[in-house]
Visitor: 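Here's a structure for you.
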Amino acid sequence: MKIVIIGGGIGGLVTYHALRKHLSETDPSISVKLVESHPSLSNTSRVIGGGLGLAPNGMRAIASIAPEAAAYINERGFLGDTMSFRNSNGRLLGRFNSGTMRRYGFGMLMIRRAVVHEALIPGLREEDVHWGMKVEGVKEVGEQVLVEYEDGTTELADLVIGADGVRSVVQDSLFDGAYKATYDGLTGVGGFIPFSDLSPRLQESFDTHGVTMTFGRKGFFGYSLCVPASTPSPFIQWWSIYEAPSMPNREKPNKDAIKAQLLARHSSWKSPYDSPDSGVYKSIIELGCRDSERPQNPEMQAMLAFDMNVLVLPRYVTPRLPCWTNAGSKNERAQGRIVLLGDAAHTMPPDSGQGVSCAAEDAVVYALLLKHYYTAPDGLRKAAKAYERMRMPRVHRILDVAKRNGDAKKEMGWFAQKFRDTAIWLLCKLPESIHDYAFAYDSEKAVAEFLAKENL
Ligand SMILES: Cc1cc2nc3c(=O)[nH]c(=O)nc-3n(C[C@H](O)[C@H](O)[C@H](O)COP(=O)(O)OP(=O)(O)OC[C@H]3O[C@@H](n4cnc5c(N)ncnc54)[C@H](O)[C@@H]3O)c2cc1C
């Protein structure tokens, strides 16, 4: 069986490792190929900017198929499992444990996205991975799937996995472009700053145990460390999320314009750690949007090679897809041979903090189901159906929560703000277990339980 994974983002890479571990390493008749449109590995890593929160459930999924990758990530991320919520008047609304190592075995990590990508590169077999291959479409052809590349070449596969992100061509091919992602009016802007550049007052008071999240009437501002606090030259990550009716230019961000609008939004926000000459939010924005100078410290230079630009990340939404595979295709012989996962199946907004984790879970769950069913008659269709039954309800629940979190970052009036602050205050009184549904998920256990029920 020839499997082609389209997309070498985190979802595609986890899928590769999961299929190798659970299928092709034990059955040599199965081959796994990964194609990615970026021209080279180094190019791919360079364009992966920004930071993210990697949740315990995502780390658990990664650790189950690539323990060395999980260890690499753990060593380089900041354990940011305590959230401090503030409002723009500087008032602490509450603190909340969110994804502690103690409760979940893996902690919530704040980390550069590129590190997670890098961690998954070792173990890829050179002959299996093809950079610079842009897919234009996929088509069911008899009992196979035809993959069409931009350069005019084609190939046949027995199974195609679309891990090609929010503008997925595999999804377009499956639904004739009926479920395209659209910009939903919220944009994220962010970047990294050397810790040593912060004002002495902010350095002294900096929360080295958690993440600070501040909500105002005109958006949201967050900051935290993004490397372990013990790192000799630590960095912080910062990000602002706000309503912008038209999508800002992502490819060529205008730093001055971004800075001006960030200052207009956040510079009057208060923090107990403001210095007499400069407020916390104002100084972070000014540092984050300055023209970067090359630092002398080699460790910092290595980080800056990736990250010194201000990143503009518009938030996309995709309508809920009716299915994530072609298991219901009219062509019975092709059923279950096209499968979507990660953002290609369910665009996960930043507010969930779950996009990468859900993509990793999808990958591990699907690989285990495929392992169970592929030798059975009609096995690919059965695996695809089981995957949809297991994954769609869970991901839809996470998307519902993400939508509520995103709405809290939209512009709002005085009463709405008071209501939101009260809701956050109440949230902080709740036990950490309210997040068990997301963080405690164990892909391997979930598949074992699902299959046990199926066999009853
Ligand atoms: C502002 C912002 C902040 C976020 N913060 C977080 C966070 O804190 N935590 C979190 O878990 N998630 C976060 N997310 C969501 C997360 O980034 C995504 O859910 C996750 O990256 C999805 O992974 P993926 O592999 O499915 O897709 P992607 O990461 O988009 O990877 C898709 C890959 O497919 C390749 N590709 C695309 N088209 C083709 C083609 N035609 N042919 C070949 N290759 C192709 C692309 O080059 C890319 O490498 C955030 C998202 C945004 C926008």
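Bear in mind that the values here come from a model prediction, so they are computed numbers and not experimental data. We count ligands from 1, going down the list as the structure has it; atoms in each ligand are counted the same way.
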Visitor: Provide the number and element of each atom of ligand 1 under 4.0 Å from a heavy atom of G53.
Guide: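 Taking each heavy atom of G53 in turn, ligand 1 has 7 (C), 8 (O), 9 (N), 10 (C), 11 (O) under 4.0 Å.
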Visitor: For ligand 1, which atoms have a heavy atom of M133 less than 4.0 angstrom away?
Guide: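 Going through ligand 1 atom by atom, the ones under 4.0 Å from M133 are 42 (N), 43 (C).
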Visitor: Could you tell me whether a side-chain N or O of E148 sits under 3.5 Å from a main-chain N or O of T154, the two making a donor and an acceptor?
Guide: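 No, the answer is negative, given that no donor and acceptor are paired below the 3.5 Å cut-off.
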Visitor: For ligand 1, which atoms sit closer than 4.0 Å to a heavy atom of Q354?
Guide: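 Those atoms are 10 (C), 11 (O).
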Visitor: Could you pull out all donor-acceptor pairs under 3.5 Å where a side-chain atom in residues 66-85 meets a protein atom, sequence neighbours excluded?
Guide:
| unit_1 | atom_1 | unit_2 | atom_2 | d |
| --- | --- | --- | --- | --- |
| Y72 | OH | E118 | OE1 | 2.8 |
| R76 | NH1 | Y72 | O | 3.1 |
| S84 | OG | R95 | NE | 3.0 |

Visitor: Would you call the rings of Y366 and Y387 parallel, tilted or perpendicular, where under 30° means parallel and over 60° means perpendicular?
Guide: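 It falls in the perpendicular class, over 60°.
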Visitor: Please work out which of E150, R113, M348 has its closest non-hydrogen atom nearest to atom 17 (O) of ligand 1.
Guide: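 Looking at heavy atoms only, R113 sits closest to atom 17 (O) of ligand 1.
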Visitor: Identify all side-chain donor-acceptor contacts of residues 12-23 below 3.5 Å with residues at least two apart in sequence or on another chain.
Guide:
| unit_1 | atom_1 | unit_2 | atom_2 | d |
| --- | --- | --- | --- | --- |
| T15 | OG1 | G11 | O | 2.6 |
| Y16 | OH | R125 | N | 3.1 |
| Y16 | OH | D128 | OD2 | 2.6 |
| H17 | NE2 | L120 | O | 2.7 |
| K21 | NZ | S64 | O | 2.9 |

Visitor: Which one holds for A163 and ligand 1: side chain close, backbone close, both close, or neither close, with close meaning a heavy atom under 4.0 Å?
Guide: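 Within the 4.0 Å criterion, A163 contacts ligand 1 through backbone atoms alone.
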Visitor: What atoms in ligand 1 come closer than 4.0 Å to a heavy atom of H38?
Guide: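 Within the 4.0 Å cut-off of H38, ligand 1 contributes 47 (O).
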Visitor: Should R315 be listed as contacting ligand 1, given a heavy-atom distance under 4.0 Å as the test?
Guide: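 No, that is not the case, since the closest heavy atom of the residue is not under 4.0 Å from the ligand.
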Visitor: With a cutoff of 4.0 Å, is E136 in contact with ligand 1, counting heavy atoms of the residue only?
Guide: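 False for this residue.
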Visitor: Can the ring centroids of H435 and F96 be said to lie less than 6.0 angstrom from one another?
Guide: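 Between F96 and H435, which both carry aromatic rings, the centre distance is below 6.0 Å.
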Visitor: Do N326 and E140 meet the criterion of a side-chain donor-acceptor pair at a distance under 3.5 Å?
Guide: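 Result is yes, a qualifying pair exists.
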Visitor: Heavy-atom contacts under 4.0 Å between I10 and ligand 1: side chain, backbone, both, or neither?
Guide: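 The part of I10 near ligand 1 is the backbone, not the side chain.
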Visitor: Can you confirm, on distance only, whether ligand 1 has an N/O atom lying under 3.5 Å from any N/O atom belonging to V356?
Guide: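 Yes, since at least one N or O of V356 sits under 3.5 Å from an N or O of ligand 1.
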Visitor: Between G165, G188, G342, A360, which one has a non-hydrogen atom sitting closest to atom 27 (O) of ligand 1?
Guide: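 Shortest heavy-atom distance from atom 27 (O) of ligand 1: G165.
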Visitor: Which class fits the ring pair Y281 and Y223: parallel under 30°, tilted 30 to 60°, perpendicular over 60°?
Guide: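 Answer is perpendicular, since the angle exceeds 60°.
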